[in-house]
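What follows is one structure encoded as structure tokens, with my remarks underneath.
Since this is a predicted model, take the numbers as computed values, not measurements. Sequence lines set the chain letters: A, B, ... in the order given, protein chains first and strands last, and positions in each chain run from 1.
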Amino acid sequence: MHRWSTLFIPTLREAPADAEVASHKLLLRAGYIRQLGAGIYSYLFLGNRSMNKIVAIIREEMDRIGQEFLLPALNPREVWEASGRWTVMGDNMFRLKDRKGAELCLAMTHEEVMTDIARKELRSYKQLPQIWYQIQTKFRDEPRPKSGLLRVRQFIMKDAYSFDIDEAGLDASYAKHHNAYVRIFERCGLNFVAVEADSGAMGGSGSQEFMVYTDAGEDLIASSASGYAANLEKATSRLTPVEDLAPTGDGQPELVSTPGMGSIADVTAFFGIHASQDIKCVAFMGTRTAAETDTPLLPIVTFLRGDHQVNETKLMAIAGVSELRPMVAEELELHIGGPAGFLSPIGIPEVMTQGSLNGLKTGKALEQIKGIFREDVPNRVLKTIVAMDGGLEGRKNLVAGANKLDYHLRNVTPGRDFTPTLIADIRNVNEGEGCPIDGSPLRIGKAVEIGHIFKLGYKYSKSMGATVLNREGKEVTLIMGSYGIGVERILTAAIESSAAANEGSSYALHPAIAPFHIVITITNIKDAALVAEGEKIATALEAAGLDVLLDDRDERAGVKFKDADLVGIPYRINIGRGVAEGKVEFVDRLQNQSNDIALNEIAGHVTTRITSALRTSLPAAVK
RNA sequence: CGGGGCGUAGCGCAGUCUGGUAGCGCACCUGGUUCGGGACCAGGGGGUCGGAGGUUCGAAUCCUCUCGCCCCGACCA
């Protein structure tokens with residue numbers, strides 16, 4: 001039996017000033033965690049118990065579909081060289097040297113180590129499929145650790161990897177993980193949503209993130225009543241049609257003096273138009289992955305409706321680059337030919353011969369460029385990628401910059417007056433726009449990512465040479481999937497959600513992940529009768545299989561109530577003045593209700609209540 | 001990495017501008033009174049003021065360097 005009087009549960013009346021988000025404050029105040037350094041935390045008794053419960057749920061569900069390994073956190077450089085990620089990971093990876101000077105790193109993830117095992121051990125299609133997972137500490141040298149346990153440099157992750165012979169196999173492994181994740185998060189009592197996610201510039205056929213809505217989150221997701229849900233990095237929308245302006249003069253692009261009108265707001269005010277009648281230009285220099293350093297930076301000029309914003313993730317994916325930065329003034333002059341604020345889609349230097357395609361090995365943009373030029377202009381390529389957002393397609397008589405200081409053009413019509421290299425969805429969707437499924441209005445909210453499932457494809461198996469022989473005796477490359485869950489984030493998200501419902505002042509965890517199912521508060525331990533009842537009930541509940549915390553401290557009742565609330569335990573029994581009438585008070589903090597129960601019924605009542613709460617959190621399929 | 005803020009007792013803070021050798025609340029210890037929503041009274045312990053160097057008769061306070069933490073941005077398999 002756990003007696004509070006003997007435990008180390010250092011609750012704080014006030015939160016340390018460093019804590020900003022609710023979960024961070026509450027985790028500190030409740031004595032779950034203590035900070036050791038930026039993004040480095042110790043998990044104390046309660047925090048560890050809760051984490052262990054989450055891990056146990058994950059393990060139980062993952063064991064239904066896969067096999068648990070435990071891999072080294074300390075990895076030799078070679079295995080990361082093999083995949084090319086020793087360089088790609090850059091400063092995000094912790095690196096160190098051993099006494100002989102050999103280079104090592106602390107693993108950020110385990111694609112490499114798992115694939116290494118697969119390539120050394122898997123020989124035949126008969127051994128497939130395989131799903132291997134582990135629950136392990138990961139290290140990432142985050143540029144900016146923050147928000148308590150939400151973004152840290154050392155954290156526990158469940159990561160799983162699937163190995164299949166073909167895409168159908170991968171689809172099946174992916175689906176298994178999807179189901180397992182739904183069950184895991186349901187059991188943890190989370191209110192989550194699975195969203196379409198960006199699969200990155202390296203391709204991959206599918207990816208979903210499991211998100212929990214919370215203001216503490218760092219991701220934005222768009223969703224609608226139709227059930228559509230996607231990360232903003234990926235989300236699309238239906239635009240309501242915009243009425244084009246009537247042409248002026250001969251309808252051809254017309255130069256207009258616009259002194260000092262360098263912003264969208266200036267221009268729309270000057271012309272008396274809506275921003276949707278204006279063409280916005282945003283220009284970037286893109287960098288291809290570090291493995292392809294033989295090529296220069298790639299100029300990327302984008303044009304969008306004046307009231308739209310560039311989505312850099314979409315742009316990077318479509319342009320096949322791994323980094324983007326804004327062009328500086330000289331670059332604007334060189335690649336576009338105009339000054340900032342007056343950049344124009346008309347008159348961009350179009351082509352350059354030779355060379356710039358070298359090393360451009362990935363990306364849809366390349367295919368499009370090749371497609372455009374293969375037949376008519378062999379060996380020539382657009383010098384600059386001119387990407388136009390789909391929102392401008394078919395529009396007429398727009399206002400745009402003139403590539404000349406203090407001048408704009410009107411009557412600009414895409415397709416007639418300029419031809420982009422590619423037309424694609426490169427913008428952020430906005431709140432209220434139509435959902436792509438049924439047009440119902442999109443809602444955009446902040447969320448925290450608690451899990452991610454991802455069809456990796458051949459990225460690692462190919463670069464690392466993981467192959468097996470198929471039925472025909474032919475060597476084929478394994479197809480992989482990768483699947484992660486952030487254990488701390490489950491705890492954090494649960495606390496954030498509950499705290500939000502309580503205006504940040506307190507929270508209650510689902511019994512499945514709370515450090516204890518129930519706390520029994522003996523309001524006055526100097527009253528031997530109360531102590532005796534508390535002990536009796538605690539013993540009975542423990543015998544029924546519940547995790548019980550008996551608050552037997554010599555504290556005033558108020559202190560114990562405050563602490564009981566603070567530690568997030570979902571159920572409480574108050575043993576106090578009611579005992580004289582043979583009753584105790586049962587408090588359900590999740591439902592926010594309390595009622596008196598007879599002493600001889602309390603154990604049975606509570607056991608039923610909690611075991612049923614644990615059961616109803618399971619998805620219908622496993623009830 | 002850019003911008004901002006902060007390091008004074010376990011926690012929250014004042015004192016720094018204007019140099020004179022450190023204080024408040026909570027927590028902690030002792031005694032007493034209290035005892036169902038963070039009690040009260042009395043007494044007490046605890047701080048090389050993040051670190052190093054400098055200026056000065058004298059530095060928490062002024063100067064230089066440095067370390068750490070937080071926030072915004074950049075970044076985020």
Answer with base, sugar-phosphate or nothing: what part of the nucleic acid does [X] contact at a heavy-atom distance below 4.0 Å?
X        : result
A:Arg553 : nothing
A:Arg144 : base
A:Pro143 : base
A:Ile40  : nothing
A:Arg34  : nothing
A:Met93  : nothing
A:Gly484 : nothing
A:Ala15  : sugar-phosphate
A:Ser594 : nothing
A:Lys146 : sugar-phosphate
A:Gln35  : sugar-phosphate
A:Asp91  : nothing

With a distance cut-off below 6.0 Å to the six-membered ring centre and an angular limit of 45° from the axis, does A:Arg95 pair with A:Trp80 as a cation-pi contact? no
Does A:Phe155 have A:Lys138 sitting over its ring (NZ/CZ under 6.0 Å from centre, angle to axis within 45°)?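 Because its charged atom misses either the 6.0 Å distance or the 45° angle limit, A:Lys138 does not stack over A:Phe155.
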Compare all side-chain heavy atoms of A:Leu530 with those of A:Ile522 and state whether any distance is below 4.5 angstrom.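 A side-chain contact exists here, since the closest heavy-atom pair is under 4.5 Å.
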Evaluate the side-chain proximity of A:Met62 to A:Lys158: yes if any heavy-atom separation is below 4.5 Å, no if none is. yes
Does [N] have a Watson-Crick or wobble partner in any strand here, with both distances under 3.5 angstrom, and which is it?
N     : result
B:G10 : B:C26
B:C69 : B:G5
B:G47 : none
B:U34 : none
B:G20 : B:C57

Spacing between [X] atom [atom1] and [N] atom [atom2], to the nearest angstrom:
X        : N     : atom1 : atom2 : answer
A:Asn574 : B:C35 : CG    : C1'   : 15 Å
A:Glu218 : B:C71 : CD    : C1'   : 13 Å
A:Leu28  : B:C70 : CG    : P     : 11 Å
A:Lys25  : B:C71 : NZ    : P     : 11 Å
A:Glu14  : B:A14 : CD    : P     : 12 Å
A:Arg577 : B:G37 : CZ    : C1'   : 10 Å

Taking atom [atom1] in both [N] and [M], compute the distance separating them and give it to the nearest angstrom.
N     : M     : atom1 : result
B:C24 : B:G46 : P     : 14 Å
B:C70 : B:C65 : C1'   : 22 Å
B:C69 : B:C75 : P     : 23 Å
B:A39 : B:G50 : C1'   : 37 Å
B:G15 : B:A9  : C1'   : 15 Å
B:G51 : B:G10 : P     : 13 Å
B:G7  : B:A60 : C1'   : 11 Å
B:A14 : B:C6  : C1'   : 15 Å

Considering only heavy atoms and no angle criterion, is a donor-acceptor pair shorter than 3.5 Å present between the side chain of A:Arg29 and the base of B:G38? yes
Presence of salt bridge, A:Arg3 and A:Glu535, under 4.0 angstrom: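 Yes.
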Between A:Lys526 and A:Asp554, is there a side-chain N and carboxylate O pair less than 4.0 Å apart?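 Result for this pair is yes, salt bridge flagged.
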Report yes if a side-chain nitrogen or oxygen of A:Arg556 is closer than 4.0 Å to either non-bridging phosphate oxygen (OP1 or OP2) of B:G36; otherwise report no.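 For B:G36, neither OP1 nor OP2 has a side-chain N or O of A:Arg556 closer than 4.0 Å.
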Give a yes/no answer on whether the side chain of A:Arg13 brings an N or O atom under 4.0 Å of OP1 or OP2 in B:A27. yes
Taking the side chain of A:Asp565 as its heavy atoms from C-beta onward, which of B:G37, B:A39, B:C69 lies nearest to it?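 Ranking B:G37, B:A39, B:C69 by closest atom to the A:Asp565 side chain puts B:G37 first.
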Does the plane of the ring in A:Phe210 sit parallel, tilted or perpendicular to the ring in A:Phe192? Use 30° and 60° as the thresholds. tilted
